[in-house]
Amino acid sequence: MATLAGVLRGPWRQVSGLVKRRFHRSAPAALQLTVREAINQGMDEELERDEKVFLLGEEVAQYDGAYKVSRGLWKKYGDKRIIDTPISEMGFAGIAVGAAMAGLRPICEFMTFNFSMQAIDQVINSAAKTYYMSAGLQPVPIVFRGPNGASAGVAAQHSQCFAAWYGHCPGLKVVSPWNSEDAKGLIKSAIRDDNPVVMLENELMYGVAFELPTEAQSKDFLIPIGKAKIERQGTHITVVAHSRPVGHCLEAAAVLSKEGIECEVINLRTIRPMDIEAIEASVMKTNHLVTVEGGWPQFGVGAEICARIMEGPAFNFLDAPAVRVTGADVPMPYAKILEDNSIPQVKDIIFAVKKTLNV
Amino acid sequence: MRKMLAAVSRVLAGAAQKPASRVLIASRNFANDATFDIKKCDLHRLEEGPPVTTVLTREDGLKYYRMMQTVRRMELKADQLYKQKIIRGFCHLCDGQEACCVGLEAGINPTDHLITAYRAHGFTFTRGLPVRAILAELTGRRGGCAKGKGGSMHMYAKNFYGGNGIVGAQVPLGAGIALACKYNGKDEVCLTLYGDGAANQGQIFEAYNMAALWKLPCIFICENNRYGMGTSVERAAASTDYYKRGDFIPGLRVDGMDILCVREATKFAAAYCRSGKGPILMELQTYRYHGHSMSDPGVSYRTREEIQEVRSKSDPIMLLKDRMVNSNLASVEELKEIDVEVRKEIEDAAQFATADPEPPLEELGYHIYSSDPPFEVRGANQWIKFKSVS
């Protein structure tokens with residue numbers, strides 16, 4: 001499918017599958033790991049750690065995962081723990097939620113989050129709201145994961161970003177990893193969390209390799225849900241993003257740095273509960289804000305950030321209105337030139353930064 | 001001699017606490033049990049079905065009678081409180097369907113699991129919650145089983161997963177609970193209920209497919225009360241043989257007004273599932289006296305004559321009472337006494353449900369997340385904050 005190597009961008013190089021997972025444990029030096037391998041490793045470690053954890057979804061077992069994210073898991077854990085489902089999103093999402101209510105810890109994979117729309121009632125009404133409705137009697141420790149947002153050439157019905165939709169709902173936690181460290185730490189935290197967690201992955205990032213720092217190689221490495229990370233320190237402007245656009249922001253920052261503009265790039269990591277304090281602290285330092293996301297502008301993640309900044313202490317520190325960079329307000333077109341211009345590009349981020357700084 | 005002394009001391013002890021009629025009853029001899037014929041179930045993909053006779057002990061009979069009467073009076077009390085506007089919003093009553101909730105419970109163990117839709121008050125009781133906790137939840141008070149956060153459609157207890165408001169959604173949930181039963185290997189089953197209206201939901205067929213594929217110990221139960229809100233079964237379903245709708249899943253159609261029939265069918269179905277054969281489907285033919293909910297008088301799509309006919313010929317409590325009295329398992333007076341006791345219990349519960357205060361406003365934000373440290377939840381504007389505790 002669209003997982004093809006043609007997706008490589010920027011300075012990151014893809015590492016072939018020659019690196020064996022087993023040896024990662026003892027390697028003291030930093031190590032190259034793709035996002036795909038990171039999620040795989042995270043799930044593998046949690047499956048091993050707690051026998052209540054299991055994975056279900058379409059093609060997750062014998063096919064090794066539609067995007068090979070669950071490669072090797074069925075061979076290792078068998079039919080009981082890694083379950084291939086028929087094409088029945090509403091049904092198997094409901095089954096997963098029921099299993100969670102009864103005390104298991106399911107990971108429910110949607111082949112893409114576009115298909116989660118078939119099952120969204122189970123995610124929201126059966127999973128997200130139940131702990132509240134039961135006044136704390138019935139927790140739902142489930143993870144919904146899968147690729148979210150635009151891919152390459154898959155057109156309108158397969159390219160929607162669901163960060164805003166899921167981020168809207170109390171009772172859910174929503175995480176959106178960018179790199180391998182994010183992916184590994186967040187999937188592990190999500191699985192160990194006693195609440196319903198939606199993990200929005202990105203198909204174009206699956207094959208991208210990153211250096212995994214030593215502490216991230218530990219079996220107990222967790223990234224706390226609800227905490228953003230400052231990927232790059234800066235003084236002139238705060239640029240906030242989640243998922244793949246974080247990489248674009250860093251590229252834009254590198255270009256801008258040559259012109260003397262230092263961007264502070266924040267990787268949200270979690271959509272809900274959002275770490276607005278991290279953004280506020282940064283804006284109070286830089287006095288300027290640009291948000292970047294792949295989803296549509298109306299009612300999006302950036303819109304929420306802007307509203308909250310206005311409500312908080314950081315508003316008085318803004319020297320210019322906050323600006324949003326988003327996907328174009330259209331269903332995703334197919335032709336490459338149209339698709340390329342429907343998602344935020346590095347040049348769009350650079351332009352927005354300069355406009356905000358009035359340079 | 002010893003027997004007589006024992007009888008005398010029993011009588012005296014009885015006389016110390018109870019009115020004269022009780023003393024007389026204590027000295028009367030009832031049968032310990034009796035055998036009854038029950039209706040044969042229609043079968044789908046099954047060679048044999050539940051037995052056509054069953055033994056009812058006096059003890060069980062009294063227990064079932066009391067439970068059904070409690071559900072009946074509780075629902076009627078809810079009707080009253082709703083009309084007084086002490087209960088708000090949705091209120092779906094199950095009077096008429098008591099043999100279903102009490103009969104199902106009689107056929108399973110407390111360690112088995114049950115999930116149903118919104119007509120759930122009866123099941124909340126049979127699964128173990130006291131009437132006062134149910135009524136106080138309906139009136140939205142802090143003593144409610146969900147502390148007033150859930151209301152009529154969202155009551156939970158041990159091994160009882162609600163109370164679900166979205167029609168049909170509870171069925172895949174039930175199949176998932178059954179998956180957990182199989183995963184844990186403890187021979188437990190899950191009773192997964194839905195109505196004749198919900199029976200046409202697509203996700204139910206998805207659940208049938210996966211339950212059969214993976215041999216989940218799930219008993220799918222269609223409580224067919226002939227009407228999905230205001231739509232009769234003939235107007236909603238191309239096939240009203242709900243017990244056959246599972247296609248590859250064996251099914252039985254059960255007289256849902258006869259508690260003994262329901263009990264035997266449930267035992268049969270539970271044994272089937274526990275043996276590892278996979279899911280089974282039960283259609284309980286039953287009837288609700290009330291409309292769909294308290295907003296529905298229930299007479300625009302069916303006649304008063306029909307309702308009255310069911311009441312006079314098939315009322316589940318009356319059927320059990322007649323059986324017990326005619327077989328000398330209990331006396332009319334004894335059952336009347338139970339009625340009096342139940343009425344008092346419901347009255348006390350209603351008092352509690354009306355007098356108990358509403359949940360404290362400070363707890364509005366509680367129970368968003370499980371096992372998390374406290375955090376802040378936004379209120380109607382940015383200055384209103386609620387603390388959220390797990």
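Throughout, protein chains are lettered first and strands after them, A, B, ... in sequence-line order, and every chain is numbered starting at 1.
Proximity to chain A is absent for every atom of Ile115(B), based on heavy atoms less than 4.5 angstrom apart. With a 4.5 angstrom heavy-atom cutoff, Asp121(A) touches chain B only via side-chain atoms. Both the backbone and the side chain of Lys173(A) come within contact range of chain B, each with at least one heavy atom under 4.5 Å from a heavy atom of that chain. Both the backbone and the side chain of Tyr156(B) come within contact range of chain A, judged by heavy atoms closer than 4.5 Å. Both the backbone and the side chain of Ile177(B) come within contact range of chain A, each with at least one heavy atom under 4.5 Å from a heavy atom of that chain. Heavy atoms of Asn209(B) lying under 4.5 Å from chain A belong exclusively to its side chain. If you measure heavy-atom distances from Cys145(B) to chain A, the contacts under 4.5 Å come from the backbone alone. When heavy atoms are compared at a cutoff of 4.5 Å, Glu311(A) approaches chain B by way of both its backbone and its side chain. In this structure, the portion of Leu172(A) lying under 4.5 Å from any heavy atom of chain B is its backbone and not its side chain.
Separation of atoms CG (Asp193(A)) and OG (Ser370(B)) is listed at 8.0 Å; rounding is to 0.5 Å. Taking NZ of Lys149(B) as the start and OH of Tyr132(A) as the end, the distance is 4.5 Å to the nearest 0.5 Å. Distance check: Asn125(A) CG to His154(B) NE2 gives 8.0 Å after rounding to the nearest 0.5 Å. In this structure, Gln122(A) CD and Gln203(B) CD are separated by 5.5 Å, a value rounded to the nearest 0.5 Å. Here Trp214(B) contributes atom CH2 and Asp79(A) contributes atom CG; the two are 11.0 Å apart, rounded to the nearest 0.5 Å. Atoms CD and CE, on Gln382(B) and Met310(A) in that order, are 9.0 Å from each other to the nearest 0.5 Å.
Ring pair His367(B)/Tyr131(A) is perpendicular by interplanar angle, where above 60° counts as perpendicular and below 30° as parallel.
For Arg88(B), the CZ atom counts as loosely surrounded, since its 6.0 Å shell holds 12 or fewer non-hydrogen atoms of other residues, nucleotides or ligands. Within 6.0 Å of NZ in Lys277(B) there are more than 12 heavy atoms belonging to other residues, nucleotides or ligands. Summarising the local packing, NZ of Lys75(A) is surrounded by 12 or fewer heavy atoms from other residues, nucleotides or ligands at distances under 6.0 Å. The neighbour count for Phe315(A) CZ, taken as heavy atoms of other residues, nucleotides or ligands under 6.0 Å away, does not exceed 12. Atom CZ of Phe115(A) has more than 12 neighbouring heavy atoms from other residues, nucleotides or ligands inside a 6.0 Å radius. Environment of CE in Met229(B): sparse, with no more than 12 heavy atoms of neighbouring residues, nucleotides or ligands closer than 6.0 Å. Under a cut-off of 6.0 angstrom, the local environment of NZ in Lys385(B) is crowded, with over 12 non-hydrogen atoms contributed by other residues, nucleotides or ligands. Annotation for Ile230(A): atom CD1 counts as buried by contact number, over 12 foreign heavy atoms lying within 6.0 Å.
Of the listed residues Tyr161(B), Tyr183(B), Phe205(B), Tyr366(B), the one with more heavy-atom pairs under 4.5 angstrom with chain A than any other is Tyr183(B). Taking chain B as the reference chain and counting heavy-atom pairs below 4.5 Å, the highest number among Ala135(A), Ala119(A), Ser88(A), Gly91(A) is found for Ala135(A). Between chain B and the residues Arg308(A), Gln118(A), Met101(A), the most heavy-atom pairs under 4.5 angstrom are made by Met101(A). Ranked by heavy-atom pairs under 4.5 Å with chain A, the list Leu216(B), Asn164(B), Asp372(B) is led by Asp372(B). The choice from Ala93(A), Gly94(A), Ala96(A) that makes the most heavy-atom pairs within less than 4.5 Å of chain B is Gly94(A).
Contact of the Pro86(A) side chain with the Leu213(B) side chain is registered, since non-hydrogen atoms from C-beta on lie closer than 4.5 Å. Phe54(A) has its side chain within reach of Leu179(B): a pair of non-hydrogen atoms, C-beta onward, lies under 4.5 Å apart.
Between Ser126(A) and Ala169(B), the shortest heavy-atom distance links the atoms OG-CB, 4.3 Å. Residues Asn195(A) and Ile368(B) share a closest heavy-atom pair of OD1-O, 4.4 Å.
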